[in-house]
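Here the structure is laid out as structure tokens; the discussion comes afterwards.
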Amino acid sequence: MEMTRENIRNIAIIAHVDHGKTTLVNEMLKQGGVFRENQQVADRVMDSNDLEKERGITILAKNTSVHYKGVKINVVDTPGHADFGGEVERVLKMVDGVLLLIDSFEGPMPQTRFVLQHALALGLPVITVVNKVDRPDARCDEVVSEAIDLMIDLDADESQLDTPIVYASARAGTATLDPSVPGVDLRPLFDTILEYIPAPKGDPEGPAQMLISTIDYNEFVGRIGIGRITRGTMKLNTMKTRCNYENPEMHESFRLSSLFAFDGLKRVPIEEASMGEIVAITGIEDIMIGDTICAPDALEPLPFVKITEPTVVMTFSVNDSPFAGREGTYVTSHLSVLIENMRRQGYEFQVSKPEVLIQYDENGNKLEPVEKMVCDVPSEYAGAVIEKIGRRRGVMDNMSGMDRVRLEFTVPSRGLFGYRSEFMTDTRGEGVMSAVFDHYEPYKGDIPHRSCGALVSTETGEAVMYGLFYAQDRGTLFYGPGTAVYTGMIVGQNARTGDIDVNVCRQKHLTSIRNAAGAETAMKLTSMKALSLEECLEFIDDDELLEITPKNLRMRKRVLEVEMRKKLAARARRGEG
């Protein structure tokens, strides 16, 4: 018999990067009594991973809970970046409603659209939270109109369009339902959640059923499955069966060896949990996302939300450079986050330039992924952005604003490879851009990737000031004196097209020391730029690789030997492949 659990609410927070999700969750935890009044709390406590704290983004979905008026509110802080969209889609299966968090100036952004579309398709009610209302440039009324227009565009039904609006300052920990009346605390937000987000419904007396939506790992207990109990009760030390909607032959029995509920930021061991609760379980060594945990006498696997298909591929390969094995513990056989986490764990490896995944229609015509790109730039730089995106086969869909202009484009995914750093240069660091996959379109033809060549080392050794000083006349250097280099390693960017071989290990001839005493100490490097991981990935071309170790990033040619590269280039010019 179906019943409603009024003492539980399950919600997810969806928003674009930097719109304040994690900060809002922090304040909800504080005001929900999770932290003592005198307790020191780290900034962005939901960012559990070092990389998340550094980049200020959420990568993995987190579960937490707060208590308000006798109701347990399970909160899932989801990623706002499209690269982690799979995490978002899985999480939406666990909740009964969402908080749509929007910056009071920037309004809905591409990732907001991406996540909201899935929430609306699942029929989830939406509470719109306009955040950062204390910004001097806040435009709350326009942002609310943009949010409603977006929902209409995404085919929201009438009940979803009748969304309550909450105006908040996550940093100050306040919320209000009337933008003209300053908030005092987050009670208006909590009250809106209790009123508008439905309590979970289901049969608490039926046979147990639970869909695994996310996976965690603990070195003591192994893989941990996290999901929502959709029916019945999960009891510790009882037998359960794992099955899967996509794999009808899977029937694996196991004993439920541990069961956890989320209380604040902690996982608390419990004896049993009933329908509507979000819990974590262990007992199956290879439990997977999408598995259904059932009572052995009622095997009814639940369908799982379709995960967005990949549109970009990157080759990971064993590090075979001359310096392989020197700096990493493991030499291993959207991507920068995965790469950065791997290098922090001691791996060293190589990656290729990202490539898009091409599809074909029924007539054999080539199709490629295109993205919706939105950027906000000062008006004086809009022309440069429009010109560059046009060169990359992009089409401008909309342009609005005066002092700061919002530009919307449809642009091929491969046209955005290497563009972000160029965009920041063209807008003098004042532009904000984001893009998300939209659909496939007919192939747009060739797109120029890199207008400049590379400075490639001809020797293996240590870069010295003398060699670097004369190499910098050719372009911009990536490394300084004392850097270990090898033949075929890219040490800089050529100011012109085409590659140039340079010897950055070159020393002064001994015969010239007496004639030029002190000359080397007067040498200075005037054109030098150290590249970040993302900039390296943007820079490399088809015939290049990025070597990644825990200590260094080194770009290199696929073929290291100078003479072999020249022979291959000559063959290519003759059309011999």
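Formation of a donor-acceptor pair under 3.5 Å by the D185 side chain with backbone atoms of R187 is found in this model. Side-chain N or O atoms of R420 include none that pairs as donor or acceptor with a backbone N or O of F417 at under 3.5 Å. Judged by distance alone, with hydrogens and angles left aside, the side-chain atoms of Q350 form no donor-acceptor pair with the main-chain N or O of I548 at under 3.5 Å. A donor-acceptor pair under 3.5 Å is formed between the side chain of Q209 and the backbone N or O of E300. Checking side-chain atoms of Q31 against main-chain N and O of G173 turns up a donor-acceptor pair under 3.5 Å. At distances below 3.5 Å, not a single donor-acceptor pair connects side-chain atoms of T64 with backbone N or O atoms of V75.
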query = What do the steps show when you test N237 against E271 for side-chain hydrogen bond (donor to acceptor under 3.5 Å, both in side chains), and what is the final call?
reply = CA-CA 9 Å; N237 294 321; E271 293 290 323; 5.9 Å; no
Checklist line | Audit row: L357, Y440, side chain to side chain contact (heavy atoms under 4.5 Å, CB included) steps and yes/no | finding: CA-CA 10 Å; L357 289 172; Y440 271 82; 4.1 Å; yes
Problem set entry | Trace of the side-chain hydrogen bond (donor to acceptor under 3.5 Å, both in side chains) decision for K240 with T238 | CA-CA 6 Å; K240 295 289 179 283; T238 56; 2.6 Å; yes
Apply side chain to side chain contact (heavy atoms under 4.5 Å, CB included) to residues M275 and R5 and explain how you reach the verdict.
CA-CA 8 Å; M275 178 278 300; R5 287 198 66 183; 3.7 Å; yes
| message | Walk me through whether H67 and D263 qualify under side chain to side chain contact (heavy atoms under 4.5 Å, CB included). | response | CA-CA 9 Å; H67 293 268; D263 188 12; 3.6 Å; yes
Practice item. Before giving the answer on side chain to side chain contact (heavy atoms under 4.5 Å, CB included), spell out for L194 and I73 the whole-Å C-alpha distance, their side-chain angles and the decisive distance to 0.1 Å. Key: CA-CA 9 Å; L194 298 194; I73 303 174; 4.1 Å; yes
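Residues R231 and E205 are not paired through a salt bridge, judged by the lack of any N-O separation under 4.0 Å between the basic side chain and the carboxylate. Using a cutoff of 4.0 Å between basic side-chain nitrogens and carboxylate oxygens, D103 and R135 are scored as salt-bridged. For E277 and K72, the salt-bridge test passes: some basic side-chain N is under 4.0 Å from an acidic carboxylate O. The pair D96-K201 does not count as a salt bridge, with every side-chain nitrogen at least 4.0 angstrom from each carboxylate oxygen.
The side-chain heavy atoms of D216 and R223, taken from C-beta on, include no pair separated by under 4.5 Å. A 4.5 Å side-chain heavy-atom check between M28 and F190 finds at least one atom pair inside the cut-off. Taking 4.5 Å as the limit, some side-chain heavy atom of N247 sits within range of a side-chain heavy atom of E249. Put simply, the side chain of Y419 reaches to within 4.5 Å of the side chain of M373, judged on heavy atoms. Proximity of T292 to I212: side-chain heavy atoms (C-beta onward) are nowhere separated by under 4.5 Å. With contacts defined as side-chain heavy-atom distances shorter than 4.5 Å, the pair P182/T176 does not qualify. Taking the side chain as every heavy atom from C-beta outward, I14 and L116 approach each other to under 4.5 Å. Put simply, the side chain of L124 reaches to within 4.5 Å of the side chain of L92, judged on heavy atoms.
The CD atom of E535 lies 7.0 Å from the CD atom of E538; values are rounded to the nearest 0.5 Å. With rounding to the nearest 0.5 angstrom, the CZ atom of R242 is 13.0 Å from the CE atom of M210. To the nearest 0.5 Å, atoms CG (N10) and CD1 (I278) are separated by 4.0 Å. Between atom CZ of residue F254 and atom CD of residue E285 there is a gap of 13.0 Å, rounded to the nearest 0.5 Å. M151 contributes atom CE, which lies 6.5 Å from atom CG of L120 (distance to the nearest 0.5 angstrom). Atom CG of N131 is separated from atom OG of S104 by 7.5 Å, given to the nearest 0.5 angstrom.
Pairing each heavy atom of L553 with each of L531, the nearest pair is CD1-O, 4.3 Å. The two residues A298 and C294 have their closest heavy-atom pair at O-CB, 3.5 Å. Pairing each heavy atom of P108 with each of E146, the nearest pair is CD-OE1, 3.4 Å. The two residues T4 and A199 make their nearest non-hydrogen contact at CG2-CB, 3.4 Å. The shortest heavy-atom contact between V129 and A168 is CG1-CB, 3.8 Å. The two atoms that bring V351 and L537 nearest to each other are CG2-CD2, 3.8 Å, heavy atoms only.
With 3.5 Å as the limit, one finds no donor-acceptor pair spanning the side chains of T174 and S169. A donor-acceptor contact closer than 3.5 angstrom links the side chains of E371 and S413. No hydrogens or angles considered: a donor-acceptor pair under 3.5 Å links the side chains of S159 and D157.
Within 6.0 Å of CE in M288 there are 12 or fewer heavy atoms belonging to other residues, nucleotides or ligands. Environment of OH in Y245: sparse, with no more than 12 heavy atoms of neighbouring residues, nucleotides or ligands closer than 6.0 Å.
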